[in-house]
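Worksheet for the structure shown next.
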Amino acid sequence: MGKINDVSLIIGTANGSGSQSANLILLRSMFRMGIPVGGKNLFPSNIAGLPTWFVIRASEKGYTSILPKMNIVVAVNQQTCDDDMAHLDTESLFIHNSSLRFTKPLPANALSVDFTKLASQVTDSIKLKKLLTNIVYVGVLAEMLGIPDDILQKTIGDQFNNKKSVVDLNIAAALAGREHYKTHIKLASLWKLESRQHNVGKILIDGNTAAGLGSVFAGCSFASWYPITPSSSLAESFESYCQKLRKNNNGENNYSVIQAEDELSAITMVAGAGWAGARAMTATSGPGISLMAETAGLMYFAEIPGVVWNVQRAGPSTGLPTRTLQGDILACAHLSHGDTQHPLLFPATPEECFSMAQTAFDLAERLQTLVFVLSDLDLGMNQWITNDFTYSQKPFDRGKVLSAEALEKAQQFNRYKDLDGDGIPYRTLPGTEHNLAGYFTRGTGHDESAKYTESADVFQKLLDRLNKKWQTAKTLMPEPVIDVQTSSLGLIAYGSTDSSIRELRDTLLQKGVKTSYLRLKAFPFTASVENYLKTHEKIVVLEQNRDGQMRKLLLQEFPEYAVKIKSSLSYDGWPTRAENLMAGVL
Amino acid sequence: MGKINDVSLIIGTANGSGSQSANLILLRSMFRMGIPVGGKNLFPSNIAGLPTWFVIRASEKGYTSILPKMNIVVAVNQQTCDDDMAHLDTESLFIHNSSLRFTKPLPANALSVDFTKLASQVTDSIKLKKLLTNIVYVGVLAEMLGIPDDILQKTIGDQFNNKKSVVDLNIAAALAGREHYKTHIKLASLWKLESRQHNVGKILIDGNTAAGLGSVFAGCSFASWYPITPSSSLAESFESYCQKLRKNNNGENNYSVIQAEDELSAITMVAGAGWAGARAMTATSGPGISLMAETAGLMYFAEIPGVVWNVQRAGPSTGLPTRTLQGDILACAHLSHGDTQHPLLFPATPEECFSMAQTAFDLAERLQTLVFVLSDLDLGMNQWITNDFTYSQKPFDRGKVLSAEALEKAQQFNRYKDLDGDGIPYRTLPGTEHNLAGYFTRGTGHDESAKYTESADVFQKLLDRLNKKWQTAKTLMPEPVIDVQTSSLGLIAYGSTDSSIRELRDTLLQKGVKTSYLRLKAFPFTASVENYLKTHEKIVVLEQNRDGQMRKLLLQEFPEYAVKIKSSLSYDGWPTRAENLMAGVL
Amino acid sequence: MDTAKTEAATTGKNKLNMARADYAGSKSTLCSGCGHDSITNNLISALYQSSINPYKVAKMSGIGCSSKTTAYFLSKSHGFNSLHGRMAPVATGAKVVNPDLQMIGVSGDGDTASIGLGGFCHMIRRNLPMVYIIENNGVYGLTKGQFSATADLGSTLKAGQTNQFQSIDLCALSIELGCSFVARSFSGDAKQLVPLLRSALQHNGTAVIDIISPCITFANHNGSTKSYDMVKELNVPLQELGYIAPTPEIAVDYADGETKTIQMHDGSLLTLKKVDARAHDVSDAKQALSVLFESRQKNEFLTGLFYYNKASANLIDQLHMPQAPLISLTESDLRPDEAALRNSLHEFT
Amino acid sequence: MDTAKTEAATTGKNKLNMARADYAGSKSTLCSGCGHDSITNNLISALYQSSINPYKVAKMSGIGCSSKTTAYFLSKSHGFNSLHGRMAPVATGAKVVNPDLQMIGVSGDGDTASIGLGGFCHMIRRNLPMVYIIENNGVYGLTKGQFSATADLGSTLKAGQTNQFQSIDLCALSIELGCSFVARSFSGDAKQLVPLLRSALQHNGTAVIDIISPCITFANHNGSTKSYDMVKELNVPLQELGYIAPTPEIAVDYADGETKTIQMHDGSLLTLKKVDARAHDVSDAKQALSVLFESRQKNEFLTGLFYYNKASANLIDQLHMPQAPLISLTESDLRPDEAALRNSLHEFT
Ligand SMILES: Cc1ncc(C[n+]2csc(CCOP(=O)(O)OP(=O)(O)O)c2C)c(N)n1
Ligand SMILES: Cc1ncc(C[n+]2csc(CCOP(=O)(O)OP(=O)(O)O)c2C)c(N)n1
Ligand code: SF4
Ligand code: SF4
Ligand SMILES: [Mg+2]
Ligand SMILES: [Mg+2]
C-alpha cells in the first residue's frame, strides 16, 4: 500500500496551452474528495509558449508549502523536460509524454505515456487535440491516485460550465487516460488518495477573487485601477461581482469602476472619491505602489479614507512580475516623503482577503486615512482551501461624518479639530447643504479649521495630532493570532506564509524544538505584540524578502527588545518553502 | 558699554518688497567686519505681499541658531507688527516704522522711526521710496550697532553690482538712516559690533549655490529638473555657473540642462544620461522625491549611476514649502518598492554642499547606483559662513567602465558578474564599438549576462550580490565627524543642525553635562558609527522630524544598541533652535 | 436680455436670494495685478448671475498661484487644493461618486500642460462633466517664473532666457482629443469671459476654458508674449458672446444674420455674434482645428468659443449609475444579502 | 533603384559588410502570430538595408509585449527596457549626453498613450532625434488584453465589454504637437513599413511611426477593430512609398506626375506615389490634420507618411553642445581650473 493523502506533484507545461484548466480540475477533484490540498501555478511573465509549472500538494495535515522534491513529476513541455527531472528523488515517479526528446538519461521510475495519441482517440481537430492532451494526464493521474470518476466528471462539468460538447470531449479524454493506466500501466502507485471529510465548510479559491468579492460585501462603490500582474484579477473580480451583485432594481450600477490611465491617476481618483464620501479602492503591485507615493502622502496629511490592495510581486523595480515576495512592507508603511505612516493589513488566507476588505474600509473611514492591504502573488493568484466566508453582520463603520442636521445641532465645525481626544477629527462631505459644511482640503499646512497657515506652532501640533491618531490606530487594528507554547523561541510571521510556518513548527516539534507563533495581522502593532516580544527569549521573524522588512518595523517600534529579534528570510520569488526558512530559525 | 558681537535681531517685512537685498547688505557687512554671523529668511509660500522675517544672529562663538527672544526687533510690516512684539524680552529694543498702527500697547523700549519719510529725503519716486525704506533701517541699525561706513558702502556697491545710480541712492538712504540715529536717537546701544578676524578664509553663501557650483566642479554634465521650492535655486545656480565655467573654446556648452515636464521625467532622464555615461543629476524636494520612487528603484536594480539633490522642506505632502525639516530620511533610504536601498549623504555646511557634490558622483559611478544628497531649506537657502571651498585635486572616480580596448583584452563581458568580490560589476557604455559591448538593461530579473531569467536561484543571488555591494558601500561612505568627550552621553546628528548642536553642547557643558558628538555624513553607516554606539552609555539622536527617522535607521542597523538610542526631536518647520532640542537630551 | 443678470443687478440678490458677496471667498494673497484675480472676479460674477448653489459646488485645483484661487471664491463650498498636476483625477473620483456636485476646476498652465498633461488628456477622453479653467500665464508663477509648456516660442524670461520649444495649444489639443466644450479667453475680458463661464457651467461634459492670465511679477515684461500689453494687442475675439438664462418663454429674436445661438444643457442660450471673418461653425471640430492652426501661425491670441458638442456621452452616462449618487447609498444598498454570498461561493466548493 | 537593397540582395552583405543575421536579436517569446514580430522583422530589414552601425544604436523601450521586442533585434547593440511609460525621458537623457547614438524606440499603445502620454508629448515638443515606434494593438497585451487609450470606440474585448471612450489618434496628436515626422503603417505591410523606417532612421528629429499591430491572443476576435481581418479591410494607404539611399549621383527620374520625393537629412530620398486621392502635401500640417480628421470619421486606418518637416530645430541643436558628445569629455574638460573657482567665490567674500 502506498502513502495515503500525502503527495506532491508538479506538472510542467507551456503557458497558453490550456493546461491551467486541466490542473484546476485535478486540484478541485482532490478538494472534493475532502482532502486538504493546495495548488500553485508558477507561470512566466509572458502570454503564451513559455514554461509553466503547476504544483499540487495533498497532505492530511493541510500543508501546502512546496517541497524540494516531488513525488510525481509530469513532463509535457519539451523546453523543460530535461530540467524537470531535477525535482525527482529516488522514489519519485516521472511521467512524460512519449513525444518528448530528452538529452539526459531518464530515471528508473520513468513512465512514458503518449498523451498526444490518447488525445487523438477522442478528437480529430488539431487544436482540440492539443488542449485535450492535458486532460489525458489528468485521467492518468486520477486513476493512479484513486480519484473517483464521479467526482472527476462532475468537476470537469463545472470547469466548463456544463457546456455539453466541451464537457463530453474532456470526459472522454480523461477516460482515455484512465483506461490507458488501467490496461497498460497497471503500476501500483506509491501514493494514494482516499476520501475524507476535511473540507466540510470549506472552499477552494484564490485570494484575489476573495478580495474582489469581499470588497463588494464591504460596501466599496468606487474602484479605479491600472492593470498590473498579479493584482489585475482582484480588480476584475470586483467588477464582475459588482455586475452580478450590485445592480439596483432598474438594472443600474450601484458601483463604479474606472480603468485609469496610470497608477498616479488610479490612486488620485480614489482620493477624490474617498473625499467625496465613497468607499473607494485601487489594486496594484510594486511599481504601482511607487507611483502612488505622492497621493498616499496627501491622503495621510489631508486625512482622506481609501484602500489600496497591494498584491505583492518580486521586486525591486519590475523584478519578476509573476513571482511572489513580501517585499513592500517598508515601502507601504512609510509611503511618501515626510513623516508619513500608513496602517497595513496582512491577510493570510483567501478567507481573510474576504473579511479584511470590510476591516480595511472600516479602518480607513474611521481613521480617515489610506489603508494598505498587503496580499501577494502566492495568496492572490494561487488556489487555497479556506473556510467558507462568513457573512458579516457588523455594520459598516463610516467614521465621523457630519450631516447637515448634525451641523445644525453642533452650530460649529472645524474640520481638523480633535474633539474626542482620539486624534480623529470630524469631516463633512461636499454637497452637504449647510452653511458650516464647506471647508478647504489641502496638502499644505493647515489649522483646525482647514485654513492655510505657516505657523510653526500650529504645524507641529497638527503633526502631533496625526501621531495621536496613529496611537488610536494601534487600539483599532486587528489583533495578531498568537499561539504560545514556550517562552524560549517565539516565531513571528504574517500573510501567505502562514501554512508554511505551521509545517515548519511541526517539523521543529518533531526535532524536539517547541516554538510559539505570532501571526501579525496589522501594522501599527497592537499591545499584544509587545507582550509577545517581552515574554519570549528569542524572536525570529520569518518573511519573504531580503532585508527583513517586518523585522525592521519591529526594531523601530520596540527597541527595548531589538537585541533578541532575528530574521529568517527567503526571497527567491517562489512561494515560501518551509525548509527554506528553517535555517534562520535554528 | 553694550554686549560685543552678541546680538540677535529679527526684521519683519513683506515679501516682494525689496527687503531681501537690504537684509543681505546688513548681514554681509557684519561678515566683512570679521564677525561670525548667520542669516535666515523666513518667507511665505507666496510671491508678494505676505509677511517675511529675516533673522540675523552675530555671535563670537559662531552660533547661528535662532533664539526664542531677540535683542532687536525691527517692524516694518503692518500685517505682523503686533505679533512681532512677541519676540521681545524685557531688555529688547523694538524699532518700528512710524506709520504702523498698533492695536497692542508698545513696549517701553520702543523706538519709532519714520523710515518712509527718511526714504523720501532721498527720492521722489514712489516705487523707489518703497524699496529704499528697507535700506534706511539698515542705516539705522548700522549706526546703532557700529558697522563702519566704508564696509557698509562697499557692500551696498557689491549688492547692486556697482551700478552707480542704484548704489548712490541706496547709500544715500543708508546715510539718512545713520544720520537720523546720530542726530535724533542717540541712544547708547546695549549691543555693539566690533571688527574681528574670524572670517579670514571664509565666505558667506547659501547651500544651494554651493551645491550648484560644486556640481560643476564635480563634472556633472547633465541636469534635468522640475521647479520646486527650495531646490530650484540649486538647479538654477548649476546652470548659471555652467554658462560661465563650462563653455568650450568655441563657446559651445560642455553641459546640458533640461527643464523636465515633471519629476518622473526629470529622474528618468537622469537614468538615461547616467546609463549612457554622463554624470547626471536632478534637484528636487519632498513631492518630487515621491514621484521619483519608481525610477529610483530601477536605478538601484539595473545599477545606473545618478545623483539626486533633495533640498528637504516641511512635509508630509505639500506641507510647508518654505519651511525646513529633515523629514525625508526614511523616504530616501528605501525609496521605491521591494528591497531597495540607496546611499545618502548629509552635508552640514555650504562647504560640504560643494565638496559632497564630487563625493556623490564618485560614489554613484563607483557603486553604479543612485546617490541622494540630503540638504534642507535652512542649509540650502539661508546664508552661512563657511570655509572657502577647497579646489579638489582628487581625480574623478568614474567607476568600472570597460572601453572597447578593455573588452578586446578581456575577451569576455558579463554586465552583472561580480569579478572583484566587491559586489560591483563592470559596465560598458552604449556606443562602444566592440562586439562584446552590447547588453540589455532591464528592471526585470536578469542573470550575470543581463539576460532575462525567472530562475529562483539566479534571482536570489542577484539580490545577494546587490547586498554585497551595499556592504562595500559601507567602506566607501564618508566617515562621520566624531568628538568624544565622555562615555556617558553621546549625541548623534547630521546636516544643517550642526551649528545648533555645537551651541547645545556648550550650554550643556556650562550646566556640567559633558557630551560626545557624532555627526553623520552618510548612510549606510560606517563601522565607526557602531563603535560610537558601543562606547557610549546613552545615545541621543537629534533631528528635525517627528518620527525620529535617523534613529529608526540606526535601530534597524544596530539592534544590539537599540535600547540606549533615544530621540530629541523638533519639527515645527523653523530652522533648529538649540533650546528646542535640549529637552530630549536631558 | 439676461434676466438673471438684470434681476441681480436691480435687487442685489439672485434667484437663490443670495448676494454677490455670498459667492466670495477669502482674501486673495496673489500679487496685486495678477490676472488670476480678475478671473476669480469674473467667475464670481458668473456663479452669482447663474444662481449656482454653493453647497453643490466642489472647487478643485492642483498646485500653483492659479490653483490657490479656489480659496478666493465660494467660501461656502467644499474645495480641494490637491497635488501639482492631479486636478483631473481627483475631480474624476469625486464627480463619479457624487454626480450632483458641480465641479469647478482651476488649474495653471504648468499644472495642466506640464506635469498634469497625461491626466488632463485622459479626463477629456472620458468627457468628465466639469468646468476646467486654465489660468494660463506661460510660466510657473509660484516657483518664480520658469517657462511652462504653454510658453510661446521666442518668449523671454525676465532674466533674459528665450523659450526654444513650441508652445502647447491647449485648445487645439482638447479639440483633437474630442473635448466637448473648448474656449479661450483673456482674464480681463469680463464681457467675453462671464458668458463663457456661465455656459460652461451648464455644459454636461468637460468644458475647457484656456484663459490667458498675465503674471504681473514674472511675465509682464517686454519680451514676454503673455504680458498685459501683448495680450491686449494680440487678442482677437472670434465672436461677441451673450448668455441668456433659461426662462419659461425664451424669445430669441436677432435681426443680425451674423449671430448664432447654441442651447446649453439646461435650456440656456449662448449667443455668438461673429466679429471676425474666421468665426466658424462651433459644432465643426475640423474647422475649429483649422482656424486655431492658422491663428497660431500668426502669433495672435484667438479667443472665443471654438468647439461645442452637446451630444457626446459623458463619463457619468457611461457608468450607468442610478440617479441617486453613489455616496447616498446605504449599507443595505451596498452590502448584498447573505444568499448572494452563498451563491457566489458555490463555484468554489 | 535602391542600391543598398540591391547590393544587399546580391551579396548577402550590406555596406558595413554585415549580413542580415548580424541585425538579429534573441528569439522572440511573443505569441506566434503576434503583429509585433512582423514589425521586428521589418525593422531588421530596414536596419540591414540601411547599413546602420549596430554599435551606435541604442534600443529603447518601456514595458509591454511591444517593449520586449527590442531584445529581438540587434543583439550587438545596447538596449534599455526601462519602465512602463518612461521610454521618452530615458531616451532623452541618453541621447543628449551622446548624440552619436542612433535612438530606436519601441513602445506600445498602453506604454505611450496611457501611462506614458505626458512624457511622449513633451518629447515631441523637444523634437528629440529618435525613431519612436508604437506597436499599436489597442490593448494591453502583456497584462492580458484590457483596453488601452487607442482602443477604438465600439471595439470589444474578447470577454465582451465594449470600449466607450474615444480613441487617441497618436498621429494627429503628434502633428498637433509639432512633431517633425509622423507616419502610420501596418505591421504586416513590409512594402510600406520598410521605406518608412529607413527614412525615419535618417530623420533628424522625432519620427513617430504608429504601427497597427494585431494582438493575436487578445484582440484578433470579431468585434476587435484591430484584428488582422479588420486592419486588412480598413487599411487605406495614402501613398506608395519607396526609399532611395544616398548615392554620389542620384538621378531621380519619374515620369509619373503623381510621385513626390522628399529628401532626408543624409541625402537619401523617400518617394511618395499618390495612391489615394486624399494624399496631401506632407509638409502641410494643417492639411495632414484635416485628412486624418476626416479619415477618423470614416473608421478607416489611413496609412502612409502624414507629415514631415526637415527644418525644425531638434533638442540637440537647442542645447548648443559641441560636436563631441558630452560623455566623451574628460576630467579636464569637466572640471574648471582653480582660478575659476576662486573667481566664482569672490562675490561671497
Ligand atoms: C510634484 C510637485 N512638483 C513641483 C511643485 C512645485 N510647484 C508648485 S506650483 C508649480 C508651478 C505652477 O505653475 P502653474 O500651474 O502654471 O501655476 P501659476 O503659479 O503660474 O499660476 C510648481 C512647479 C509641486 N508643488 N509639486
Ligand atoms: C507602473 C506599471 N504599471 C503597470 C504595469 C503592468 N503592465 C505591464 S505591460 C502593461 C501594458 C502594456 O501595454 P502596451 O504598451 O499596449 O503593450 P502590448 O503588451 O500591448 O504590446 C502593463 C499595464 C507595469 N509594468 N508598470
Ligand atoms: S507670481 Fe504671477 S501668477 Fe503668481 S500671484 Fe504673482 S502675478 Fe500671479
Ligand atoms: S499577448 Fe498579444 S501583444 Fe502580447 S505577444 Fe501575444 S499576441 Fe502579441
Ligand atoms: Mg502658470
Ligand atoms: Mg498594446
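Atom set for the values below is all heavy atoms of this structure, side chains included, hydrogens, waters and symmetry mates excluded. Proteins come first, then strands; the chains are lettered A, B, ... in the order of their sequence lines, and each starts at number 1.
- In this structure, a donor-acceptor pair under 3.5 Å is absent between the side chains of B:Tyr391 and D:Asp337.
- With salt bridges taken as basic N to acidic carboxylate O contacts below 4.0 Å, none links D:Glu331 and B:Lys394.
- Using a 4.0 Å cut-off between charged side-chain N and carboxylate O, D:Arg342 and B:Asp388 make a salt bridge.
- With a 4.5 Å cut-off on non-hydrogen atoms, D:Glu347 touches chain B through its backbone and its side chain both.
- Most heavy-atom pairs under 4.5 Å with chain D, from the set B:Ser392, B:Cys220, B:Gly274, B:Ala218: that is B:Ser392.
- In this structure, no portion of D:Lys95 lies under 4.5 Å from any heavy atom of chain B.
- For chain D, no part of B:Asp158 is nearby; none of its heavy atoms comes within less than 4.5 Å.
- The contact between B:Leu213 and chain D is made entirely by side chain atoms (from C-beta outward), counting heavy-atom distances below 4.5 Å.
- Within the 4.5 angstrom heavy-atom criterion, no atom of B:Ser224 approaches chain D.
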Candidate pair B:Gln358 and D:Arg335, rule side-chain contact (heavy atoms from CB on, under 4.5 Å), full reasoning: CA-CA 10 Å; B:Gln358 184 177 344; D:Arg335 180 149 62 190; 3.1 Å; yes
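- Heavy atoms of D:Met60 lying under 4.5 Å from chain B belong exclusively to its side chain.
- Aromatic rings of B:Tyr439 and D:His78 (six-membered ring for Trp) have centroids within the 6.0 Å cut-off, being under it.
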Would B:Leu204 and D:Phe348 satisfy side-chain contact (heavy atoms from CB on, under 4.5 Å), going step by step from the backbone distance to the final call? CA-CA 5 Å; B:Leu204 180 71; D:Phe348 304 107; 5.6 Å; no
